[in-house]
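Here's the structure we're looking at; comments come further down.
Values reported hereafter were calculated over all heavy atoms of this structure, with side chains retained and with hydrogens, waters and symmetry mates removed.
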Amino acid sequence: MIEKQKKKYSSEEIHSILHPWVSEWFRRSFKDFTEAQKYAIMDIHRGRNVLVSSPTGSGKTLTAFLSIISELTSLAESGELEDSVYCIYISPLKALDNDIERNLEEPLRAIREIAEENGKSLDIRKAVRTGDTRPYERSRMLAKPPHILITTPETLSILLVAPRFREKLSTVRYVIVDEIHALADNKRGVHLSLSLERLQHLVGDFTRIGLSATVHPLERVAGFLVGYSYGRERDCLIVDVNYLKELDIELICPVDDMVAADPEEIGNGLYDILHDLIMEHRTTLIFTNTRSGTESVVYNLKSRFPDTYNDENVMAHHSSLSREHRLETEEKLKKGQLRAVVSSTSLELGIDIGYIDLVVLLSSPKSVSRALQRIGRSGHQLHEKSKGRIVVVDRDDLVECSLILKNAIEGKIDSIRIPENCLDVLSQHIYGMAIENPWDIDHALDVIRNSYCYRNLDRDDYLSVLSYLAGEYVELEERYVYAKIWIDREKNQFGKRGKLARMLYSTNIGTIPDRSSAVVKCGGRVVGRIEEEFMEKLRKGDTFVLGGKIYRFNYARGMTVNVTPASGPPTIPSWFSEQLPLSFDLAVDIQRFRDIMDGKFQYGHSRSEIIEFIRGYLHVDETAAGAIYQYFHEQYHYAGIPSIRKLLVEYYTGFGGRKFLVFHSLFGRRVNDALSRAVAYLIAERYRRDVMISISDNGFYLSSEGKMGGLESFMDLEPENLRDVLKKALDRTETLASRFRHCAGRALMILRRYKGEEKSVGRQQVRGKILLKFVSELDDRFPILEEARREVMEDYMDLENAMKVLEWIKNGEMEIKQINTRIPSPFAFNLVAQGYLDVLKYEDRIEFIRRMHQAIRDEIKK
């Protein structure tokens, strides 16, 4: 049973269960226990599973470790502490692992000294074991294992098949999963959930402790943490103390009128605000949403304020920078040597970056939970406020950030989605289980279904994965995919095959695919490079900008992209692959706000009444409320306001007579990707015509030079047929090819490393395409092909919520309204313009926007 913890224990009660030396150390170091500690420590001591959700700086880590350290101290004092592992601490980041080891050093040293004062010797060991751990340190761990093992999800799965170290895990009593929210929503979390069930099978019951920042719903994350015991959900207590951390969040517009302002005004306004904020605080952490944005902000701060900022006090931090550069930035932060650090997403998680008194978000972080996670990096001390400022860049951004602000203040957080039944991860773990020892087929399925992520695993899918691994698709041997396990049908067992099994498994483990950039060739000549994430979004006929020129995508072979010169506009902006997707929950809240605003205008409320409502409803100032009012006023009087009850479909003819059909479907880019691809496929089937698609979080458009019947095709989509239509639309796309390669890598069809040799991403990609074509012809229901399709539709896109939108239309909750416009409506403008804006110079973009905006105002006045 999963339930909220209601009982809060007194300090005296907690001290009474701690070993006297641990209690003494705590009294010397802290005034009192934090709220999280008062709710959780006693039940961890009693061996109950606990999920602790509380803000950064609220003592979560010590909450998890204190009773564990106390128990280890008791065992050590009585001479019962064995040379084996008692506690495993797992985090998604190696940097966080190193932080934890340093943070454990102080209490263990101090408690050891107190023990010596009492005439006793303590030797409680802790150590980090990751892929970076040197062979010498690994062998030392075998001789003297750490009592607290600090590791990553990937390394844990390797240790489970290492015979000698596996023995050292037999005494595990506790597993701590830190930053669990950062694992639960992706395949690393799926992988970890199976490792925990394999560990449970090895050692019996152990106490599971999850540590999380802001996440919702906590019951789902708790379920992910504890899993099932043969059909019954395990017990878990949820300790939720998020409400205790005060928030100081405000939204800032760089100029009064974001449409009328010229580029110089906007740039000056933005950087003047940033400069003022930085100078008013000791250390400021600035989040952009892209790596290129991060570099741009650092460059502009240094060039605009050369007397204030330099290489020593302002630095960038993102995943494309070298590990050395990132570590240098982190060290300078901890020492308080930086006035500002600018990051894309890499500093969101809880690595110790010292004292930060302000977080600035440039543009929307696309979800409430991400906003709170980022802003929570400030005010790291227990009773300090988390201080954040959100700076908006355009009117869509203003509305989006205003709803984020409202939901953050009111404690409404987006729902986390946990992937389920991933057959590639399952393949990897079945291979690992076979390496451990032979398994009964039915018993193995029971253990696998104990994982939250596989509780609903279909037996046929399980058996199809076994068939693939056992080499029963014999034709795959022609493509050098060999059997990895044996199956004995009479005994109903499976086991490992081959002497190299453990080596192959250990060197190809994990869920994060190898990525690199692809070479772009035009007429046989290299014209540049694009990231693989960008390449996988390309469909034949798409156009994009590279080196200031526009190219048409023809095809990709391996990591080489073939293009030909084209004219505009680009269908995919250059920054598209870096953008974070808008969460569906937040999108729906924006749609509901649109519906309220539509009602305000319909019932004739005055300008001052509506602005007053906006200020109170969204917690924004007069300037922001006025800008939002003006935006909605123009949309209402020009085209009508789309909302949760009204899907606006806008027809207009653009430059050169090209026809555009705009769907105002503000449901996030993942939903719009699914809907737009399905509609484009139906149009292509019906009219034998390629249709250009452009999508954003706020909607999508279809474009063609002739008749395309876009709305009719959209109306052919239903919740019941969307999956099948989308499946057909994805076949022979780069998206599916790229994801199949990733899934084939996880399922060990494609080995990234073999006998010490690394296979390049290009070779993996070529091999992936050959295998994709082969298995498609061999069996359209081949498990890894099915998983690639599932990953694209459910993880990369959002099939579930796309079906929900179609359900709303089908049952009449959402009506469809068609309009014809001469100029794109205000809500459509950013979507329609995004392709053109990639080609135009920045100054021309602003002028372009202003001219279109003025034309709309003139239309409204007529």
Side-chain angles (χ1 to χ4, degrees), residues 417 536-542 553 571-572 576 581-582 584 587-588 591 642 647-651 659-704 706-740 776 780 785-811 813-816 818 831:
R417 184 189 160 275
E536 70 182 39
K537 289 175 172 61
L538 297 172
R539 297 184 308 276
K540 186 173 181 179
D542 273 339
F553 172 71
T571 56
I572 303 199
F576 190 85
L582 181 68
F584 182 74
V588 168
Q591 291 272 44
L647 176 62
L648 192 64
V649 179
E650 180 177 347
Y651 292 84
K659 292 177 173 57
F660 289 80
L661 182 59
V662 181
F663 290 79
H664 288 262
S665 51
L666 197 166
F667 294 110
R669 200 163 63 243
R670 293 173 61 231
V671 168
N672 289 330
D673 201 351
L675 293 174
S676 62
R677 289 207 198 205
V679 176
Y681 173 79
L682 292 178
I683 292 170
E685 286 292 291
R686 181 174 295 171
Y687 296 101
R688 301 296 169 195
R689 182 187 300 281
D690 280 338
V691 177
M692 190 170 87
I693 302 172
S694 187
I695 68 170
S696 74
D697 288 314
N698 289 17
F700 64 92
Y701 74 65
L702 309 172
S703 177
S704 173
K707 179 177 170 60
M708 58 178 168
L711 184 55
E712 294 90 332
S713 297
F714 180 79
M715 295 306 294
D716 286 342
L717 287 178
E718 295 184 348
E720 296 78 16
N721 71 5
L722 180 60
R723 182 182 289 272
D724 287 339
V725 172
L726 200 50
K727 177 182 167 182
K728 292 171 186 172
L730 287 169
D731 282 348
R732 296 184 298 281
T733 62
E734 281 303 314
T735 306
L736 184 65
S738 183
R739 296 289 162 149
F740 177 80
S776 299
D780 193 56
L785 174 57
E786 284 287 271
E787 173 55 27
R789 288 172 177 148
R790 189 213 60 79
E791 182 179 313
V792 173
M793 290 192 280
E794 295 181 14
D795 301 346
Y796 173 65
M797 296 177 186
D798 188 351
L799 177 67
E800 179 185 352
N801 285 317
M803 290 165 69
K804 189 180 290 185
V805 172
L806 294 177
E807 188 67 44
W808 291 339
I809 294 168
K810 184 178 179 180
N811 65 24
E813 289 180 54
M814 178 182 282
E815 65 166 329
I816 294 179
Q818 303 174 52
L831 171 62

How would you list, by chain and number, every residue that makes a ring pair (Phe, Tyr, Trp, His ring centres under 6.0 Å) with Phe740, sequence neighbours excluded?
none
Report yes if some heavy atom in the side chain of Lys804 is under 4.5 Å from a heavy atom in the side chain of Phe584; otherwise report no.
yes
Any Val679 side-chain heavy atom under 4.5 Å of Ile693 side chain
no
Holding to side chain to side chain donor-acceptor pair (under 3.5 Å), I want the full list of residues that pass it with Gln591, two or more places apart in sequence or in another chain.
none
Go through it in stages, so that I can follow the logic: the residues are Glu786 and Lys727, the test is side-chain contact (heavy atoms from CB on, under 4.5 Å), and I'd like the CA-CA distance, side-chain angles, deciding distance and then a yes or no.
CA-CA 10 Å; Glu786 284 287 271; Lys727 177 182 167 182; 4.2 Å; yes
Considering non-hydrogen atoms only, spot the tightest contact between Leu702 and Ser676 and give its length.
CD2-O, 4.4 Å
Please identify each residue that fulfils side chain to side chain donor-acceptor pair (under 3.5 Å) with Arg417, with sequence neighbours left out.
Asp795
Going by heavy atoms in the side chains, are Phe700 and Leu675 under 4.5 Å from each other?
yes
Please report the shortest heavy-atom distance between Ile683 and Gly709, naming the atom on each side.
CG1-O, 4.4 Å
Do any N or O atoms from the side chain of Asn801 and from the backbone of Arg670 form a donor-acceptor pair under 3.5 angstrom?
no
Listed by chain and number, what are the side-chain contact (heavy atoms from CB on, under 4.5 Å) partners of Val649, not counting sequence neighbours?
Leu647, Tyr651, Leu661, Phe663, Leu711, Ile816
Results of side-chain contact (heavy atoms from CB on, under 4.5 Å) for Arg677 - residues two or more places apart only:
Arg539, Asp673, Leu726, Leu730, Thr733, Thr735, Tyr796, Met797
When Ser665, Pro581, Ser696 are each screened for side-chain contact (heavy atoms from CB on, under 4.5 Å) with Asn672, the one that passes is Ser665
By side chain to side chain donor-acceptor pair (under 3.5 Å), Asp724 pairs with (sequence neighbours left out) none
Under the salt bridge (Lys or Arg N to Asp or Glu O under 4.0 Å) test, which residues partner Asp731, sequence neighbours left out?
Arg789
Who pairs with Lys540 by side-chain contact (heavy atoms from CB on, under 4.5 Å), at least two apart in sequence or on another chain?
none
From Glu807 CD over to Glu720 CD, what is the distance, rounded to the nearest 0.5 angstrom?
6.5 Å
Interatomic distance, CG@Asp798 vs CE@Met803, rounded to 0.5 Å, equals 11.0 Å
Measure the CG-CE distance between Leu736 and Met793 for me, rounded to the nearest 0.5 Å.
9.0 Å
Do Ile809 and Leu717 touch side chain to side chain, with heavy atoms closer than 4.5 Å?
no
Could you check whether atom CD of Glu800 has more than 12 heavy atoms from other residues, nucleotides or ligands sitting under 6.0 Å from it?
no
Residue list, salt bridge (Lys or Arg N to Asp or Glu O under 4.0 Å) with Glu787, at least two apart or on another chain
Lys187, Arg790
Glu712: what forms a side-chain contact (heavy atoms from CB on, under 4.5 Å) with it, not counting sequence neighbours?
Arg686
Could you tell me which residues satisfy side chain to side chain donor-acceptor pair (under 3.5 Å) with Glu815, sequence neighbours excluded, listed by chain and number?
none
4.5 Å side-chain heavy-atom contact, Leu785 and Ser776:
yes
Do Leu806 and Phe714 touch side chain to side chain, with heavy atoms closer than 4.5 Å?
yes
For Phe553, give me all partners under ring pair (Phe, Tyr, Trp, His ring centres under 6.0 Å), at least two apart in sequence or on another chain.
none
Might you work through the side-chain contact (heavy atoms from CB on, under 4.5 Å) test for Leu831 and Asn698, ending with a clear yes or no?
CA-CA 7 Å; Leu831 171 62; Asn698 289 17; 5.9 Å; no
